[in-house]
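Here's the structure, in structure tokens; my notes come after.
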Amino acid sequence: MAVIEAAHPVNFRYFCAKFKTVMSQNLSEQEVQRRESLEALRQMGVEPYPAAEYKSSHFSTAILEGFAEDEKASTWEKVSISGRIMTKRIMGKASFLDIMDSQGRIQVYLNRDVLCPGEDKGLYNVVFKRHLDIGDFIGIEGKVFRTQLGEITIEASQLTVLSKSLRPLPIVKKDEEGNVYDAFTDPEQRYRMRYVDLVVNDHVKQTFITRTRIMNAMREFFNSYDYLEVETPILQPIPGGAAARPFITHHNALNIPLYLRIANELYLKRLIVGGFEGVYEFAKDFRNEGMDRTHNPEFTVMEIYVAYKDYFWMMDFTERMLEHVVKSVHQGKTEVQLGDKKLNFQAPFARVTMRDAILEHTGHDIDGKSEEELRAICQDLGIEVEKSMGKGKLIDEIFGEKCEPNYIQPTFIIDYPVEMSPLCKKHRDNPEYTERFELMINGKEVANAYSELNDPIDQRERFEEQLRLSEKGDDEAMFIDQDFIRALEYGMPPTSGMGIGIDRLTMMLTNNASIQEVLFFPQMKPEKKAEKKVELNDNEKLVYEILKPEGQMDLTALKEKAGLSNKQWDKTVKSLTKSGWILVEKDQQGLLVKLT
RNA sequence: GACUCAGUAGCUCAGCUGGUAGAGCAUCUCCCUUUUAAGGAGAGGGUCCAGGGUUCGAGCCCCUGCUGAGUCACCA
């Protein structure tokens, strides 16, 4: 905050001021009531935002599970929990409420005379019944019991206000058959106010917990090999390691452009040059391209590089790693439901060369074909091509169009054409191809891996080829990174590297069709709020000025004098009436407009 | 970027052929000491996304814009 302010003092302050204005106006009735409750609590000496730590003895789930196991245990005589009020069911001198903490929900029973044993029933009658709302945080101390209907419940002997909520939460209700009512479902609101989404939609929280568990399981797997988790620059002078359009920014002190990374590959390989056996990084990458349900401008990729290995080893490593991950987030099972499909992550996965894949799905053999011949094949298959496309791009088009959607179960597509893989070693048996694989799942690329190119002279030539593509009009061909070539010239051991899209993998393992569902805060257009009109507009001024000397006028006369169209007249009068400038009265003659 | 659909109370959604804006939940008042989508009685709450137009009259019809979703295109 301070940094931003220093850099753009004027804009920042302007923004804050504007924000405050917008936020303080237009309170709904319920928001006003909650502010009044806040004040009332303070006046009763109940601090709505106390500073002190609240010590809870249990999470909701621990009580529910523990009590079910042993109802007699003495621990249940006195427990304390803290969380949000999610429902309130008041029945005169007793009430039930559900408290939600980070683990789940538990019911609380408030009995007026148990909570307030003395003369003063204010805590129950006034603080709880009148001034606490759904969404407020409270602490409850009491004993655990079972209601007549058998629900495990805490009977409160103490209630502490922990934090007052000033906005009403959407209320999502469930009946006994599990049908959900009034769910908070509007995607725009859910993404813009993810905090609300997380509070009221349990499954959303679950998705994000799974996301973290996926990453933890990977980390666990890599660490068991003693590979090192590292961090490399996000601000890069040359955006390398992938073909994509970067975001550009500027460094003031150095006075140079810097790019947000599109990949971290070239930095991780420098670390292999430096002598690490294996390095990996969970990296945020940034690409200045279109957005849709599988693309967000910033996304997370895990890349790993291991010395003295080739892509065969990496395939084996990848399928075992994924099997481990899937089992650890799906209770030991390798099957995953995704929409109406079942995916099975049991290793080993199928392996198909790109040539065989195209042969199988189109009948064309790309082996040894020239650029012109490939162009003809594209034409034959009805695939649109552009002049800037080289052999690699053409083959990629054919594959993407005709083959990719067919690979639903995890499948390694191997041996890509040399033109489309400038950082990859040429195939040991055929220099037209490279030692590369991509992992396809549900018709989408999820992982990408190479036997890394470590011949510095070959690498320079491949970069130069990219430069030629760029001159031909390919705006995402790679830049030449001289320092990276210098690093290779010092020598990099044979190395295999692999990158895997964490967002897409998470989508598949949590049964979500949209990337926005697996990102806490997906990128969205800025929210626009109309500022509330305080002054009168021209039409309103006009009508007011005509009326002012008269004090009151016949409506038809006033309308004629104002000369406004019907629609504008209607709007103007409604607006003036609403904001209390004028009054329209009906008498026997007709309608009369009065100043107030 | 193109097309399709949507935007009405805090939330979910009705709204007929263009004729005084509705329901459930939430909120407020009253009743109710083991309820659970608690219940009963009553009340309040609206920039119908915004701006134009047609019309005696627009939530509804027309135009423009904004926002979102979906499909396609671009893009890994």
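Below, chains carry the letters A, B, ... as their sequence lines are ordered, and counting in each starts from 1.
- Ring geometry, A:Phe96 versus A:Tyr109: the interplanar angle falls from 30° to 60°, so the pair is classed tilted.
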Polar pairs (N or O, both sides) under 3.5 Å between protein and nucleotides 71-73 of chain B?
residue	atom	partner	partner atom	Å
B:rU71	OP2	A:Arg293	NH1	3.1

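- Taking 4.0 Å as the cut-off between side-chain N and carboxylate O, A:Arg194 and A:Asp197 count as a salt-bridged pair.
- No engagement by A:Arg190 is indicated, since no non-hydrogen atom pair under 4.0 Å with the nucleic acid exists.
- Taking atom CG on A:Leu64 and atom C1' on B:rU36, their separation rounds to 14 Å, with Å as the unit.
- A straight line from CG of A:Leu97 to C1' of B:rU35 spans 11 Å, rounded to a whole angstrom.
- A straight line from CD of A:Glu36 to P of B:rG44 spans 18 Å, rounded to a whole angstrom.
- Under the ring pair (Phe, Tyr, Trp, His ring centres under 6.0 Å) criterion, no residue pair touches residues 176-195 of chain A, with sequence neighbours excluded.
- In the model, A:Arg211 has a side-chain atom that pairs as donor or acceptor with a side-chain atom of A:Thr300 under 3.5 Å.
- Between the CG atom of A:Asp396 and the C1' atom of B:rC74 there is a distance of 14 Å, given to the nearest Å.
- For the salt bridge (charged side-chain N to carboxylate O under 4.0 Å, His left out) test, residues two or more places apart in sequence or in another chain that qualify with A:Lys121 are A:Asp113.
- Rounded to whole Å, the distance from CG on A:Leu27 to C1' on B:rG45 is 14 Å.
- A:Glu151 contributes a side-chain N or O that forms a donor-acceptor pair with the base of B:rU36 under 3.5 Å.
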Under 3.5 Å, N/O pairs linking protein and nucleotides 31-34 of chain B:
residue	atom	partner	partner atom	Å
B:rC32	N3	A:Gly92	N	3.1
B:rC32	N4	A:Gly92	N	3.3
B:rU33	OP2	A:Lys93	N	3.3
B:rU33	O2	A:Asn111	ND2	2.5
B:rU33	O4	A:Asp113	OD2	2.4
B:rU34	O2'	A:Gln148	OE1	2.4
B:rU34	O2'	A:Gln148	NE2	3.0
B:rU34	O2	A:Gln148	N	2.9

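- When rounded to the nearest whole Å, the span between CD of A:Glu303 and P of B:rA76 equals 15 Å.
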How would you summarise protein contacts on nucleotides 3-15 of chain B per nucleotide, using B for base, S for sugar-phosphate only and - for none, with heavy-atom distances below 4.0 Å? -------BSB---

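- Qualifying salt bridge (charged side-chain N to carboxylate O under 4.0 Å, His left out) partners for A:Glu397, counting only residues two or more places apart in sequence or in other chains: none.
- Nucleotide B:rC3 forms a Watson-Crick or G-U wobble pair with B:rG70, both donor-acceptor distances falling under 3.5 Å.
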